[in-house]
Amino acid sequence: MSQINLKNKECIANLQIVAKDVAAKYPLFVEFLEYYCGYNTPLMTSDPHEISYSGGKRDVILMIKTLMRDDLLPEHIAKFYERNI
């Protein structure tokens, strides 16, 4: 059973710590994720499959970046997922 519960503020707080630790210790890895997930690169296609695939990859880096933000409390992120999942 998964220990990840995005509706739980303690889980979010732990994920925030881990994401920030990884970014601090392994900036090259975070740079790789930004590149691979298309964080700064728009997709130039009309193919719906490519758009969907690219959007999914981009969602991953956007969630990681959200976890690394200092201005978002774990409660705010957990409340978002309580309403939307």
Side-chain angles (χ1 to χ4, degrees):
M1 183 158 162
S2 176
Q3 296 179 10
I4 304 298
N5 179 357
L6 297 178
K7 298 177 184 179
N8 180 293
K9 65 182 180 181
E10 286 82 21
C11 179
I12 296 292
N14 288 335
L15 288 170
Q16 285 179 314
I17 291 168
V18 170
K20 289 176 184 179
D21 284 351
V22 169
K25 293 177 184 174
Y26 307 101
L28 182 60
F29 183 70
V30 174
E31 184 179 336
F32 161 73
L33 287 175
E34 289 173 347
Y35 171 77
Y36 181 76
C37 295
Y39 180 65
N40 294 310
T41 308
L43 186 65
M44 303 300 282
T45 184
S46 61
D47 181 334
H49 299 288
E50 286 185 42
I51 292 169
S52 178
Y53 180 70
S54 177
K57 290 193 314 184
R58 194 158 192 276
D59 283 347
V60 171
I61 191 64
L62 291 176
M63 181 57 181
I64 293 168
K65 293 286 195 174
T66 297
L67 289 170
M68 292 191 300
R69 287 179 53 177
D70 291 325
D71 63 327
L72 287 177
L73 296 175
E75 297 85 25
H76 297 146
I77 298 170
K79 282 185 182 183
F80 172 82
Y81 282 100
E82 285 174 9
R83 291 189 308 264
N84 294 296
I85 290 183

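Atoms considered below: every heavy atom in the structure, side chains included; atoms not considered: hydrogens, waters and symmetry mates.
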Engineer: Do other residues, nucleotides or ligands put more than 12 heavy atoms under 6.0 Å from Glu31 CD?
Structural biologist: no

Engineer: Does Glu82 form a side chain to side chain contact (heavy atoms under 4.5 Å, CB included) with Lys79? I'd like the steps, not just the answer.
Structural biologist: CA-CA 5 Å; Glu82 285 174 9; Lys79 282 185 182 183; 4.3 Å; yes

Engineer: Transitively linked via ILVMFWY side-chain contacts under 4.5 Å: Phe29 with Ile17?
Structural biologist: no

Engineer: Applying side chain to side chain contact (heavy atoms under 4.5 Å, CB included), name anything that partners Thr45, two or more places apart in sequence or on another chain.
Structural biologist: Leu43, Asp47, Glu50, Ile51

Engineer: Mind listing the side-chain donor-acceptor pairs of residues 5-15 below 3.5 Å, one per line with the distance, residues two or more places apart or on another chain?
Structural biologist:
unit_1 : atom_1 : unit_2 : atom_2 : d
Asn5   : OD1    : Lys7   : N      : 2.9
Lys7   : NZ     : Ile85  : O      : 3.2
Asn8   : OD1    : Glu10  : N      : 2.8
Asn8   : OD1    : Cys11  : N      : 2.8
Asn14  : ND2    : Glu10  : O      : 3.4

Engineer: Do Ile4 and Phe80 land in one hydrophobic cluster if side-chain heavy atoms of ILVMFWY residues count as linked below 4.5 Å?
Structural biologist: yes

Engineer: Throw together a table of side-chain donor-acceptor distances under 3.5 angstrom for residues 54-75, partners on residues two or more places apart or in other chains.
Structural biologist:
unit_1 : atom_1 : unit_2 : atom_2 : d
Lys57  : NZ     : Tyr36  : O      : 3.3
Arg58  : NE     : Gly38  : O      : 3.3
Arg58  : NH2    : Tyr39  : O      : 3.2
Lys65  : NZ     : Glu34  : OE2    : 2.3
Thr66  : OG1    : Leu62  : O      : 2.8
Arg69  : NE     : Asp71  : OD1    : 2.9
Arg69  : NH2    : Asp71  : OD1    : 3.3
Arg69  : NH2    : Asp71  : OD2    : 2.6
Asp70  : OD1    : Lys20  : NZ     : 2.6

